[in-house]
Amino acid sequence: MFSTREIAVLIWIAIFAIFAFRVLKKNKQLGTVSHIFKATGKVIKHPLMVITIIYIILIYLLLNQFKVITGLGLIKDYWKVILFGLFPMIVKVATDYENVNVHKMFLGLLKFSIIPLFIIGEYTFNIFIELVLVPVLTVMVMMITYIDYHPEYNAAKKLLNWILSIIGLWIFAYAVKTFVANINDLKQLLFWEKMFLELLLFLHLPLLIFLKATSYYEQILIRLYIFSGFHLTIL
């Protein structure tokens with residue numbers, strides 16, 4: 001059900017969580033965790049978030065009813081698409097509603113990169129290589145992100161980009177080689193369902209349009225409230 005890369009990511013998340021818990025406990029800062037949960041709870045209770053969650057669940061139930069999403073593997077991949085595909089879109093719309101174009105965002109899903117990215121994610125190395133690759137790639141991406149805000153380290157950024165490119169080509173070459181060795185997978189319906197699972201995000205287009213319109217509405221209300229308070233203060 002899980003690829004070796006996904007297992008490696010879960011293992012490293014567990015290791016990080018245990019390490020963070022021990023550090024917080026040692027420094028008597030476990031209250032920070034409860035504050036995070038309380039803040040998350042407030043976000044979930046927000047009316048817009050409640051509507052969002054209900055919409056997502058209803059779409060899932062509809063897909064499940066029509067046998068579009070069946071089997072643990074496909075269900076797992078679908079929710080992965082929701083978490084790492086839809087929710088970043090929701091955050092983008094909520095925070096940059098004035099500039100974001102929802103329709104263009106969704107048209108971006110119709111790209112040829114879906115196929116190679118699927119092959120790279122589906123045909124992975126053994127667990128031992130993935131356990132090394134996951135933290136190495138994560139640290140390198142974090143370093144590049146840090147350098148973006150510190151131009152004086154641009155020379156190091158070029159080196160890191162070269163290393164990332166080489167690792168990326170290695171991962172892609174291995175994935176294609178494994179895919180060719182398992183070419184009979186093309187005969188399975190599940191293969192095609194998993195490959196184009198991301199396109200099901202189109203069903204959430206009305207949700208994002210609604211959230212964008214509501215964000216405008218909320219900001220208008222906030223500004224009216226601030227203006228009214230300021231006006232009353234002057235009077």
Got a sec, which residues hit side-chain hydrogen bond (donor to acceptor under 3.5 Å, both in side chains) with [X], two or more places apart in sequence or on another chain?
{"X": "Lys177", "value": "none"}
{"X": "Glu193", "value": "none"}
{"X": "Thr52", "value": "none"}
{"X": "Asp185", "value": "Tyr123"}

So, the side chain of [X] versus the backbone of [Y]: is there a donor-acceptor pair under 3.5 Å, distance only?
{"X": "Asn64", "Y": "Ile69", "result": "yes"}
{"X": "Trp12", "Y": "Pro135", "result": "no"}
{"X": "Lys212", "Y": "Val100", "result": "yes"}

Counting heavy atoms not belonging to [X], are there more than 12 under 6.0 Å from its [atom1]?
{"X": "Gln188", "atom1": "CD", "answer": "yes"}
{"X": "Leu186", "atom1": "CG", "answer": "yes"}
{"X": "Lys158", "atom1": "NZ", "answer": "no"}
{"X": "Lys111", "atom1": "NZ", "answer": "yes"}

Just jot down the side-chain contact (heavy atoms from CB on, under 4.5 Å) partners of Val9, sequence neighbours excluded, or say none.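 By the side-chain contact (heavy atoms from CB on, under 4.5 Å) rule, Val9 matches Ile13, Val134.
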Only counting residues at least two apart or in another chain, list the ones meeting side-chain contact (heavy atoms from CB on, under 4.5 Å) with Asn101.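 For Asn101, the residues satisfying side-chain contact (heavy atoms from CB on, under 4.5 Å) (neighbours in sequence not counted) are His103, Lys104.
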Do you know which two heavy atoms are closest between Val93 and Leu208, and how far apart they sit?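 For Val93 versus Leu208, the nearest heavy atoms are CG1-O, 3.8 Å.
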Of all heavy-atom pairs between Ile119 and Val176, which one has the smallest distance, and what is that distance?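 Shortest heavy-atom contact: CG2-N, 4.2 Å.
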Contacts of type ring-ring contact (aromatic ring centres under 6.0 Å, His included), residue Trp170, not counting sequence neighbours: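 Counting only residues at least two positions away or on another chain, Trp170 forms a ring-ring contact (aromatic ring centres under 6.0 Å, His included) with Phe125.
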State which residues pass ring-ring contact (aromatic ring centres under 6.0 Å, His included) with Phe16; sequence neighbours excluded, sorted by chain then number.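 Not a single residue meets the ring-ring contact (aromatic ring centres under 6.0 Å, His included) criterion with Phe16.
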Decide yes or no on side-chain contact (heavy atoms from CB on, under 4.5 Å) for Val136 and Leu164, but give the supporting numbers first. CA-CA 10 Å; Val136 167; Leu164 272 178; over 6 Å; no
Enumerate the residue pairs fulfilling side chain to side chain donor-acceptor pair (under 3.5 Å) with a member in residues 125-134, sequence neighbours excluded, ordered by first and then second residue.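 Qualifying pairs, neighbours excluded: Arg5-Glu130.
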Residue pairs fulfilling side chain to side chain donor-acceptor pair (under 3.5 Å) with at least one residue in residues 144-156, sequence neighbours excluded: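 Pairs touching residues 144-156 that pass the test: Asp148-Lys157.
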Is the ring centre of Phe172 less than 6.0 Å from the ring centre of Phe179?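 Here the rings of Phe179 and Phe172 have centres that are no less than 6.0 Å from each other.
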Any donor-acceptor N or O pair under 3.5 Å, side chains Ser3, Thr124: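 Short answer, no.
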Can you list the other members of the hydrophobic cluster that holds Ile36, where links are side-chain heavy atoms under 4.5 angstrom apart?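 Its cluster partners, ordered by chain and number, are none at all.
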cation_pi(Lys76, Phe2) dist<6.0 Å, angle<=45: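 Because its charged atom sits under 6.0 Å from the ring centre and within 45° of the axis, Lys76 does stack over Phe2.
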Do any pairs count as a ring-ring contact (aromatic ring centres under 6.0 Å, His included) and have a residue in residues 67-87, sequence neighbours left out, and if so which ones?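 Residue pairs with at least one partner in residues 67-87: Tyr60-Tyr78, Tyr60-Trp79.
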For the CD atom of Gln65 and the CG atom of Leu63, what is their distance to the nearest 0.5 Å?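 Rounded to the nearest 0.5 Å, the CD-CG separation comes out at 10.5 Å.
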Parallel, tilted or perpendicular: ring planes of Phe106 versus Phe202, cut at 30 and 60 degrees: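 Phe106 vs Phe202 ring planes: tilted.
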